[in-house]
Amino acid sequence: MGLALLGCVGALKELRCLLGLYFGILLLLFATQITLGILISTQRMRLERRVKDIVMETIQNYRSRPEESAAEESWDYVQFQLRCCGWNSPRDWFSIPSLISNESEVHRVPCSCYNSSATNDSAVFDKLSFPQFSRLRPLARPRHSTDLCVVPANSNIYNEGCARSLQKWLHDNLISIVGICLGVGLLELSFMTLSIFLCRNLDQVYDRLARYR
């Protein structure tokens, strides 16, 4: 919004300094986007390993510090939306200290792994009260709640890991993502061209005014 306001004021007031600043910021932004695209394309494997390390660390430290649960809540939301469990498979959750039950040897997983649509059972779904689910359900526990919602791993849970689900999502939406990126890039190029055109016209106007003095 600030950048758009800068361009609008420069065009309306015919100020070359603002138009030049607008062009420079747009050029820097466009170059940054191109650089990021090249880095993502060339360092894709390294980026995937880094994302995996972050996710596995989040799973290993799941709800170990309830006051700092933003990463865990975000991962729960990813599992809920992508209908997946764990990074590679639900087995990623089996050795997590906070999910191990002393009462039985049954492995447990977070409630975000529960596939309620498989049995149309809303009993477990009613326990889903993570703050990030507040958009889906009006009743939600307060943020940083110490309550832990888990279900047995032998119940109806998603058997597919989120790594594969994420790859499917990217593959299915690749055309849309590329189209949006190209559209934004072309829009930025058109605005840069327009700002340069205005700057050149302003120079001609100033030259004409100088001749008539």
Side-chain angles (χ1 to χ4, degrees), residues 1-55 57-58 68-84 87 112 130-138 140 142-144 162-163 165-213:
M1 292 177 63
L3 184 60
L5 181 62
L6 182 66
C8 288
V9 172
L12 292 175
K13 298 297 183 178
E14 298 182 349
L15 298 175
R16 287 181 295 176
C17 59
L18 291 184
L19 288 174
L21 183 60
Y22 177 74
F23 172 81
I25 296 177
L26 266 184
L27 181 61
L28 180 62
L29 182 62
F30 184 75
T32 302
Q33 292 170 348
I34 294 296
T35 304
L36 287 176
I38 294 174
L39 288 177
I40 291 175
S41 300
T42 57
Q43 304 291 329
R44 185 176 59 183
M45 298 302 297
R46 185 177 180 180
L47 181 62
E48 289 179 356
R49 288 195 299 268
R50 180 58 180 164
V51 171
K52 179 181 178 180
D53 292 341
I54 294 175
V55 171
E57 182 180 358
T58 301
E68 299 179 2
S69 59
E72 290 84 354
E73 292 171 358
S74 299
W75 183 243
D76 277 321
Y77 187 70
V78 170
Q79 292 188 143
F80 182 81
Q81 288 292 335
L82 295 182
R83 300 178 180 271
C84 56
W87 179 253
S112 55
F130 301 105
Q132 66 271 23
F133 294 158
S134 59
R135 288 176 291 178
L136 303 177
R137 299 186 57 79
R143 189 171 180 81
H144 305 315
C162 291
S165 297
L166 185 58
Q167 290 176 352
K168 286 183 179 179
W169 183 87
L170 290 175
H171 182 268
D172 294 339
N173 297 275
L174 182 61
I175 297 178
S176 300
I177 295 174
V178 172
I180 292 174
C181 293
L182 289 177
V184 172
L186 291 175
L187 194 62
E188 291 173 348
L189 284 175
S190 63
F191 286 152
M192 284 190 290
T193 304
L194 180 60
S195 63
I196 288 295
F197 176 77
L198 289 175
C199 283
R200 291 188 62 181
N201 286 343
L202 288 178
D203 290 337
Q204 294 176 1
V205 171
Y206 290 147
D207 292 339
R208 290 175 182 176
L209 290 176
R211 292 177 183 175
Y212 290 109
R213 286 182 179 179

inquiry  = Give me the atom names and distance for the closest heavy-atom approach of Leu29 to Glu188.
reply    = CD2-OE2, 3.5 Å
Check: Tyr22 and Val9 side chains under 4.5 Å, non-hydrogen atoms = no
key: Distance in Å, Leu189 CG paired with Leu194 CG, rounded so as to fall on 0.5 Å steps   = 12.5 Å
message = Measuring from atom CG of Leu21 to atom CG of Leu3, what distance do you get when rounded to the nearest 0.5 angstrom?
response = 8.5 Å
Atom of Gly10, atom of Leu18 and distance for their closest heavy-atom approach = CA-CB, 3.8 Å
task = Starting at CG of Leu187, measure out to CG of Leu182 and round the result to the nearest 0.5 Å.
result = 12.5 Å
remark   = Nearest heavy-atom approach of Met192 to Leu26 is CG-CB, 3.6 Å
query = If you draw a 6.0 Å radius around CD1 in Ile177, do more than 12 non-hydrogen atoms from other residues or ligands fall strictly inside?
reply = yes
Heavy-atom closest pair, residues Gln79 and Cys162 = CG-SG, 3.7 Å
ask   = How far apart are the closest heavy atoms of Ser195 and Leu19, and which atoms are they?
value = CB-O, 4.2 Å
inquiry  = Rounded at 0.5 Å granularity, tell me how far CD1 in Ile54 sits from CZ in Arg50.
reply    = 4.0 Å
task = Could you give me the CA-CA distance, side-chain angles and deciding distance for Phe30 and Phe191, then say whether side chain to side chain contact (heavy atoms under 4.5 Å, CB included) is met?
result = CA-CA 11 Å; Phe30 184 75; Phe191 286 152; over 6 Å; no
request  = Enter the distance from Leu186:CG to Cys181:SG here, rounded to the nearest 0.5 Å.
outcome  = 11.0 Å
message = Counting C-beta onward and ignoring hydrogens, is there a side-chain heavy-atom pair between Arg49 and Lys52 closer than 4.5 Å?
response = no
message = So for atom CD, which belongs to Glu57, do other residues, nucleotides or ligands contribute more than 12 heavy atoms lying within a distance under 6.0 Å?
response = no
ask   = Once you round to the nearest 0.5 Å, how far does CG of Leu198 lie from OG1 of Thr193?
value = 11.0 Å
